[in-house]
Amino acid sequence: MIRTRSRPAFGVIAFFAVAFGLGLYFAFAAVQGDYGLFRRAEVELEAARLATELAALEAEIARMENLTRRLSDEHLDLDLLDERARDVLGLLRADEIVIR
């Protein structure tokens with residue numbers, strides 16, 4: 001007479017439990033781990049913010065280079081020089097009236 005088992009062996013249950021546990025672990029790591037989807041979204045958002053900041057800084061550098069070039073020995077912009085002297089040194093002409 002051949003006996004048939006009515007319930008699965010303990011080894012098979014243990015195998016599927018370990019496989020299910022590993023699957024859950026890797027799914028969690030893929031979503032919330034150091035290199036997961038949430039971290040990737042944070043990194044992309046930070047990259048966009050830094051790109052915006054870089055563009056603003058590059059514009060500021062270009063503005064400062066323009067002002068520096070306009071006040072250099074090769075190309076002196078007298079209007080800019082007059083504006084800076086008035087702003088920094090507080091200079092006025094004798095015929096000007098200051099209203100604050």
Side-chain angles (χ1 to χ4, degrees):
M1 196 162 172
I2 299 177
R3 287 182 138 186
T4 60
R5 291 185 174 179
S6 60
R7 54 187 179 146
F10 179 72
V12 174
I13 294 173
F15 172 77
F16 283 113
V18 168
F20 183 73
L22 284 173
L24 283 177
Y25 170 75
F26 286 120
F28 178 79
V31 173
Q32 291 193 359
D34 290 340
Y35 302 101
L37 295 175
F38 291 148
R39 179 67 179 137
R40 181 182 176 119
E42 289 175 359
V43 168
E44 288 175 356
L45 185 63
E46 180 73 10
R49 186 189 65 78
L50 289 174
T52 303
E53 185 178 339
L54 176 64
L57 290 174
E58 286 175 343
E60 179 68 15
I61 289 172
R63 186 187 70 79
M64 293 173 88
E65 286 175 347
N66 182 29
L67 291 175
T68 303
R69 184 176 36 80
R70 287 171 55 195
L71 289 176
S72 67
D73 290 338
E74 294 85 28
H75 179 80
L76 184 60
D77 187 351
L78 295 178
D79 290 333
L80 180 62
L81 180 62
D82 182 54
E83 174 189 330
R84 296 306 302 156
R86 290 169 183 270
D87 186 41
V88 174
L89 302 175
L91 295 179
L92 299 173
R93 288 193 312 242
D95 61 343
E96 290 182 330
I97 299 172
V98 176
I99 301 173
R100 290 189 180 210

Original post:
So, Glu83 and Arg86, do they make that salt bridge, N to O below 4.0 Å?
Top reply: no
Original post:
Got a sec: does the CG of Asp34 have more than 12 other heavy atoms crowding it under 6.0 Å?
Top reply: no
**OP:** Examine Leu67 and Leu78 and state if one hydrophobic cluster contains both, with Ile, Leu, Val, Met, Phe, Trp and Tyr joined whenever side-chain heavy atoms are less than 4.5 Å apart.
**Re:** yes
**OP:** Please list, chain by chain and in numerical order, all residues satisfying salt bridge (Lys or Arg N to Asp or Glu O under 4.0 Å) with Glu65, sequence neighbours excluded.
**Re:** none
Subject >> Interatomic spacing from CZ in Arg70 to CG in Asn66 - rounded to 0.5 Å >> reply: 5.5 Å
Subject >> Those residues that, when tested against Arg40, pass side-chain contact (heavy atoms from CB on, under 4.5 Å) (two or more places apart) >> reply: Glu44
Original post:
To the nearest 0.5 Å, how far apart are CD1 in Ile61 and OG1 in Thr68?
Top reply: 11.0 Å
Subject >> ILVMFWY network linking Phe16 to Leu24, side-chain heavy atoms under 4.5 angstrom >> reply: no
**OP:** State which residues pass salt bridge (Lys or Arg N to Asp or Glu O under 4.0 Å) with Asp79; sequence neighbours excluded, sorted by chain then number.
**Re:** none
**OP:** Identify whether Val31 and Tyr25 are in the same connected component of the hydrophobic contact network (ILVMFWY, side-chain heavy atoms under 4.5 Å).
**Re:** no
Subject >> Listed partners of Arg63 passing salt bridge (Lys or Arg N to Asp or Glu O under 4.0 Å), at least two apart >> reply: Glu60
Original post:
With Arg39, which residues qualify under side-chain contact (heavy atoms from CB on, under 4.5 Å), at least two apart?
Top reply: Glu42, Val43
Subject >> Asp87: side-chain hydrogen bond (donor to acceptor under 3.5 Å, both in side chains) partners, not counting sequence neighbours >> reply: Arg84
